[in-house]
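Structure first, commentary second.
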Amino acid sequence: MTRRVSRPIRIGRVTVGGDTPVVVQSMTKTDTRDVSSTIKQIEQLRDCGCEIVRVAVPDKEAAENISVIKKSVSLPLIADIHFDYRLALAALEAGVDGLRLNPGNIRDKEQIAKVVAAAKEREIPIRVGVNAGSLPTNFELDAPLSERMVNVALKQIKLLESLDFNLIKVSLKAFDVPTTIQAYQLIADKIPYPLHLGITEAGLPQYGAIRSAVGIGILLYQGIGDTIRVSLTAHPCEEVFVAYEILKSLGLRQRGPTLVSCPSCGRAEVDIIALAEAVDEYLKKITKPTKVAVMGCIVNGPGEARDSDVGIAGGKGKGIIFRKGEIVKTVTEENLVEALMAEIDSFSLAREG
Ligand code: SF4
């Protein structure tokens, strides 16, 4: 996998682009005018691994609150601006670390120039955030949607460049996965700027996680993408969890545990589904990268279990526990969960010590 090398930018203390690891972003779902709820959710996001957080800025009060919020949180903040350029100016004044402007709904060149001048003065990056649902209504209507999205972005980028501004990041989000992939592929060779990936309005977690994994995963595998946000109809920490699972599955980031469990079949000699669910629950308290295997029988079991930090391979009414390829012990089925958990704890302790 060869990554497209983009021109790095700094969002607060986080670098996006260049050869830095793909950054995980999310967005608060609180009303930004409600400062304490927003701070609380940003703290939850920090704890679940989010690295940059975007907040909605629907009005002046929300924009001004950014200065208060920023004093209480450590994550870099991006202000999401639509329709009113003055909200972008107010967010910059309040000390925001990045702006997202939607070129579909702030189009006045003079207004954009004012925002760019204020961002440039403070060295604050701007994301040109194109969304398929809010393209200018009179723009290249005969062109395919992906091309229209790219051309809207390029037009806005040209405007920013003409104002001698290049702290730019770009996103081209649609609900339709092929459209999104085509749009990012089209723009990747045309600009040097970092790309923020996402499938917009992807839905409830059981659907949105899959749509996002397919769309974002294909692009990342092609080396495209410097930062990602998974958009789910759920608490934002679920977005962060799915984002890391996508990155982990491609070997781009490591975070927390990875559970390898067989699907179970007629050969399983232990209740593998119940066992995997119990282990998954237990692993939620583990924060360091740890690979745990739960396998139902000896066909693939010992091989996968040996390849993991800690693993179990089921046998008739019993299971063999492995640690880093070595058999630790054999336990009866009723003691499997407890014994595996104890082994995970012992592995974690030994690694820390
Ligand atoms: Fe079936 Fe064994 Fe494979 Fe699990 S490891 S799916 S029980 S053959």
Side-chain angles (χ1 to χ4, degrees), residues 1 48-49 177 202-218 220-221 230 232 234 238-351:
M1 206 185 310
C48 67
V177 172
L204 290 162
Q206 63 268 46
Y207 313 110
I210 294 167
R211 297 187 76 80
S212 300
V214 173
I216 294 172
I218 286 173
L220 288 173
Y221 189 71
V230 173
L232 298 178
E238 291 203 43
E239 299 183 351
V240 174
F241 174 80
V242 174
Y244 276 109
E245 288 303 309
I246 294 171
L247 294 170
K248 281 162 63 180
S249 70
L250 289 167
L252 291 168
R253 296 285 302 266
Q254 293 302 324
R255 181 182 161 83
T258 299
L259 177 61
V260 179
S261 61
C262 82
S264 190
C265 73
R267 285 197 188 86
E269 292 176 304
V270 293
D271 183 350
I272 203 73
I273 297 173
L275 182 58
E277 284 175 352
V279 173
D280 184 52
E281 193 53 41
Y282 191 70
L283 288 177
K284 286 181 180 153
K285 71 170 195 170
I286 308 283
T287 53
K288 290 208 171 149
T290 309
K291 191 172 175 189
V292 177
V294 175
M295 308 298 288
C297 77
I298 55 164
V299 174
N300 296 317
E304 281 292 356
R306 273 198 196 99
D307 191 37
S308 301
D309 295 318
V310 180
I312 197 158
K316 201 165 183 53
K318 61 185 180 188
I320 301 164
I321 295 202
F322 290 86
R323 179 157 155 180
K324 286 284 184 193
E326 303 290 327
I327 296 177
V328 176
K329 57 182 152 184
T330 301
V331 289
T332 57
E333 184 171 0
E334 59 271 22
N335 294 320
L336 271 179
V337 176
E338 211 175 307
L340 184 60
M341 290 172 183
E343 204 55 43
I344 293 168
D345 280 350
S346 153
F347 172 79
S348 302
L349 264 179
R351 183 170 54 183

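Read the numbers this way: they start at 1 and go in the same order the structure lists the ligands and their atoms.
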Original post:
Sequence neighbours excluded, which residues qualify as salt bridge (Lys or Arg N to Asp or Glu O under 4.0 Å) partners of E269?
Top reply: none
Original post:
Counting from 1, what ligand 1 atoms have a heavy atom of S264 closer than 4.0 Å?
Top reply: 6 (S)
Original post:
Which atoms of ligand 1 sit under 4.0 Å from any heavy atom of C262?
Top reply: 4 (Fe), 5 (S), 6 (S)
**OP:** Flag C297 as yes if one of its N/O/S atoms falls below 2.8 Å of atom 1 (Fe) of ligand 1, otherwise no.
**Re:** no
Would you list the atom pairs, donor with acceptor, under 3.5 Å between side chains in residues 308-327 and any protein atom, with sequence neighbours excluded?
unit_1: S308; atom_1: OG; unit_2: E304; atom_2: O; d: 3.0
unit_1: D309; atom_1: OD1; unit_2: K324; atom_2: NZ; d: 2.7
unit_1: D309; atom_1: OD2; unit_2: K291; atom_2: N; d: 2.8
unit_1: R323; atom_1: NH1; unit_2: E343; atom_2: OE2; d: 2.9
unit_1: R323; atom_1: NH1; unit_2: S346; atom_2: OG; d: 2.6

Original post:
Out of curiosity, R267 CZ to I272 CD1, how far, rounded to the nearest 0.5 Å?
Top reply: 14.0 Å
Subject >> Subset of ligand 1 atoms that lie under 4.0 Å from at least one heavy atom of C265 >> reply: 1 (Fe), 6 (S), 7 (S), 8 (S)
Subject >> Which of the ligand 1 atoms, numbered from 1, are nearer than 4.0 Å to a heavy atom of A268 >> reply: 7 (S)
**OP:** Taking E239 for its side chain and A209 for its backbone only, find out whether a donor-acceptor pair lies under 3.5 Å.
**Re:** no
Original post:
Within a radius of less than 6.0 Å around CD of Q254, do more than 12 heavy atoms belonging to other residues, nucleotides or ligands occur?
Top reply: yes
